[in-house]
Visitor: 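Can you read through this structure? Questions will come right after.
Computed from a predicted model, the values in this text were never measured in an experiment. Lettering follows sequence order; numbering is per chain, from 1.
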Protein chains: 2
Amino acid sequence: MSPGLEYLSLLGSNAFADLLDQMPHRVLKLDRRRILREPGSPPDEVILAKAGILSMFQAHGSGRQTVALRYAGEAILPGSDSARYGVQAIVPSEVILAEAGAFCQLVDGSSEMRRLLIRQMQRNEAICYEWLVNCGRRDATARVAHFLCETAFRLGGGTKARMLNRFTQQQMGEITGQTSVNVNRVLAELERQNLITRKGREIEFRDWSELCRIASFRPDYLRA
Amino acid sequence: MSPGLEYLSLLGSNAFADLLDQMPHRVLKLDRRRILREPGSPPDEVILAKAGILSMFQAHGSGRQTVALRYAGEAILPGSDSARYGVQAIVPSEVILAEAGAFCQLVDGSSEMRRLLIRQMQRNEAICYEWLVNCGRRDATARVAHFLCETAFRLGGGTKARMLNRFTQQQMGEITGQTSVNVNRVLAELERQNLITRKGREIEFRDWSELCRIASFRPDYLRA
DNA sequence: CGGTTGTTTGAACTGATTCAATCTGTGTGG
DNA sequence: CCACACAGATTGAATCAGTTCAAACAACCG
């Protein structure tokens, strides 16, 4: 978790630990790319990301759109809608599963949990809006740059000098609404412009503020 | 409000009426296209749409992206992020404004209000995800068709024979992530294919199920 | 009537997709 | 250690969906 954002995480919360004590739950380890929930299956469970990164996606024809990511400490709540979306691990992950009904009842009893969850929901909403602006208004370069900034920010918190990028170009395309081929060309172009350099999956930011500028990235929406 | 969706509206709620009694608030009438909140202003108020349609948008360069709509009975909550978005009336509207802090405190005391608001938040999240799939994966025709289906559904509820479209082509472009010129061409093409007919702002659906098919519209996400 | 807002149309252009081939890195079994 | 398989990255060429710019048209309103 990023420094300063811990208060958003369910993992550090005593209230949440108590909650788990009070209800049956199971912990699952997921391989990279392992699908946890197929699109269309009933959302009768809460999913808490204990470690790793999860993606929520919707299949569409041959392609896919990723609608949200969940990092460690974040939950996928059993909204009646979430059934429409599949859940898949981006990297090897660990999740906690609990029955939805019991979870909701218990949460309703704890004002601390409620506050925490509402915070998360509002932040997720803000991220979703930002992604919508990304896909709707920005060109391919800005979209990829924005994804890089956001990811670096969520992973790295303080330091934006470098990051280990855990996403394939295919997945970046699914997030930013384009093809993997184009993501590749954009990354190459960003490197040619000396905004980033790449060694394997490691990305070094050579000019963070310029990258933010072309991405029109302002991180306030991530602070919750 | 659509038949069967009343339970989602704050307007029909006794709890909400009581809430308003307990706190200072003011009611405002808005002309069509009137901007209620500029992007960037502090979100220290709750906004409840009493009548009409509000849009939440983000300016981006010369254009704009609409990230969400609020119909009568729906609220714009004072999430710390919402400052990033402007709020504008699509049609002549009426809103209730209340101070954020007091509102939150009072809501926290009523489990009925909490349930209602969480429902709304989840539904808004589902809609946002759907819009993301729209902008990220579907082509221009499907995007416009999807917008028409969604709007007809939210306005009309039961009957999908016709609807009065209150949006300009410019606004439809801002919602579906394209230019007004292209929205125009798509509408003309939908009409040519005899899926819809237009007289002024009235749209008649000639083949609702086919329209839903090309839009890949399934309304479950709107039921909350 | 003139002014304003919104719609329609055409022509040129371009950013991104598609398709297909090639290349690279990594892990596996012999 | 090499050979092979596989996932992912890279590149090129052709194509196309959607944008841009500009002009004309229609509807509405004071």
Side-chain angles (χ1 to χ4, degrees), chain A residues 31-35 60-65 88-92 134-148 164-193 196-203 214, chain B residues 31-35 55 60-65 88-92 134-148 164-192 196-203 214:
Chain A
D31 290 335
R32 176 165 171 278
R33 281 177 162 286
R34 164 70 184 286
I35 289 187
H60 186 264
S62 49
R64 256 187 187 192
Q65 180 66 35
Q88 182 179 29
I90 299 284
V91 300
N134 221 21
C135 286
R137 284 289 158 252
R138 301 200 248 258
D139 66 17
T141 307
R143 289 211 290 276
V144 172
H146 193 278
F147 168 75
L148 291 179
L164 182 62
N165 179 27
R166 319 288 263 115
F167 296 84
T168 67
Q169 295 178 359
Q170 177 70 38
Q171 288 165 339
M172 291 192 247
E174 285 165 7
I175 291 167
T176 59
Q178 56 194 314
T179 58
S180 62
V181 172
N182 208 51
V183 169
N184 181 286
R185 291 197 235 265
V186 168
L187 287 174
E189 177 61 17
L190 289 176
E191 192 161 28
R192 204 198 56 72
Q193 290 181 248
I196 60 171
T197 45
R198 293 175 292 165
K199 296 185 208 78
R201 309 178 115 198
E202 187 85 20
I203 293 186
I214 65 168
Chain B
D31 290 334
R32 177 166 172 279
R33 281 179 160 284
R34 163 72 183 286
I35 289 187
S55 80
H60 186 264
S62 50
R64 257 187 184 191
Q65 179 67 36
Q88 183 178 29
I90 298 286
V91 301
N134 221 22
C135 287
R137 285 286 161 253
R138 301 199 249 259
D139 65 17
T141 309
R143 289 212 290 276
V144 171
H146 192 276
F147 168 76
L148 292 178
L164 183 61
N165 179 27
R166 316 288 264 116
F167 296 83
T168 68
Q169 294 177 358
Q170 178 71 37
Q171 289 165 337
M172 292 193 246
E174 285 165 7
I175 291 167
T176 57
Q178 56 195 316
T179 58
S180 63
V181 173
N182 208 51
V183 169
N184 181 286
R185 292 198 236 265
V186 167
L187 287 173
E189 177 61 17
L190 289 176
E191 191 161 29
R192 204 198 55 72
I196 60 172
T197 47
R198 292 175 293 164
K199 298 185 207 79
R201 314 185 109 189
E202 186 86 21
I203 292 186
I214 66 167

Visitor: Output yes when a side-chain donor or acceptor of Gln193(A) lies under 3.5 Å from a complementary backbone atom of Leu190(A), and no otherwise.
Guide: no
Visitor: Report the distance from atom CG of Asn182(B) to atom P of dT19(D), rounded to the nearest whole Å.
Guide: 5 Å
Visitor: Please pick, from dT8(C), dT17(C), dT10(D), the nucleotide with the shortest atom-to-atom distance to any side-chain atom of Arg198(B).
Guide: dT8(C)
Visitor: Between Ala188(A) and Arg201(A), who's closer to the 5' end of DNA chain D by nearest nucleotide?
Guide: Arg201(A)
Visitor: Given atom CG of Asn184(B) and atom P of dA23(D), what is their separation to the nearest angstrom?
Guide: 18 Å
Visitor: Tell me the interatomic distance from Asn165(B), atom CG, to dT7(C), atom C1', rounded to whole angstroms.
Guide: 13 Å
Visitor: Check the distance between dT8(C)'s C1' and Arg192(B)'s CZ and give it to me in whole angstrom.
Guide: 16 Å
Visitor: With respect to Asn184(A), which candidate in Glu189(A), Gln170(A), Gln169(A) satisfies the side-chain hydrogen bond (donor to acceptor under 3.5 Å, both in side chains) definition?
Guide: Gln169(A)
Visitor: 5'-most contact on DNA chain C: Arg185(B) or Gln169(B), nearest heavy atom basis?
Guide: Gln169(B)
Visitor: Where the side chain of Glu202(B) meets the backbone of Asn165(B), is there a donor-acceptor pair that is under 3.5 Å apart?
Guide: no
Visitor: When the distance from CD of Glu191(A) to P of dA9(D) is rounded to whole Å, what number comes out?
Guide: 13 Å
Visitor: Which of these, Arg64(B), Arg166(B), Arg33(B), sits in a side chain to side chain contact (heavy atoms under 4.5 Å, CB included) with Gln171(B)?
Guide: Arg33(B)
Visitor: Heavy-atom nearest nucleotide on DNA chain C for Ser180(B) versus Val183(A): which residue maps closer to 5'?
Guide: Ser180(B)
Visitor: What nucleic acid atoms does Arg33(B) come within less than 4.0 Å of, heavy atoms only: base, sugar-phosphate, or nothing?
Guide: sugar-phosphate
Visitor: Expressed as a whole number of angstroms, how long is the span from Asp31(A):CG to dA7(D):P?
Guide: 15 Å
Visitor: Is there a side-chain polar atom (N or O) of Thr168(A) under 4.0 Å from OP1 or OP2 of dG8(D)?
Guide: no
Visitor: Val181(B) has a side chain; which of dT18(C), dG18(D), dA22(D) sits nearest to it?
Guide: dA22(D)
Visitor: Using a 4.0 Å heavy-atom cut-off across all strands, classify Arg32(B) as base, sugar-phosphate, or nothing.
Guide: sugar-phosphate
Visitor: CD1 of Ile196(A) versus P of dA9(D): gap in Å, rounded?
Guide: 13 Å
Visitor: Any luck finding a side-chain donor-acceptor pair between Gln178(B) and Thr176(B) under 3.5 Å?
Guide: yes
Visitor: Once you round it to whole Å, what is the distance between C1' of dT8(C) and CE of Met172(B)?
Guide: 13 Å
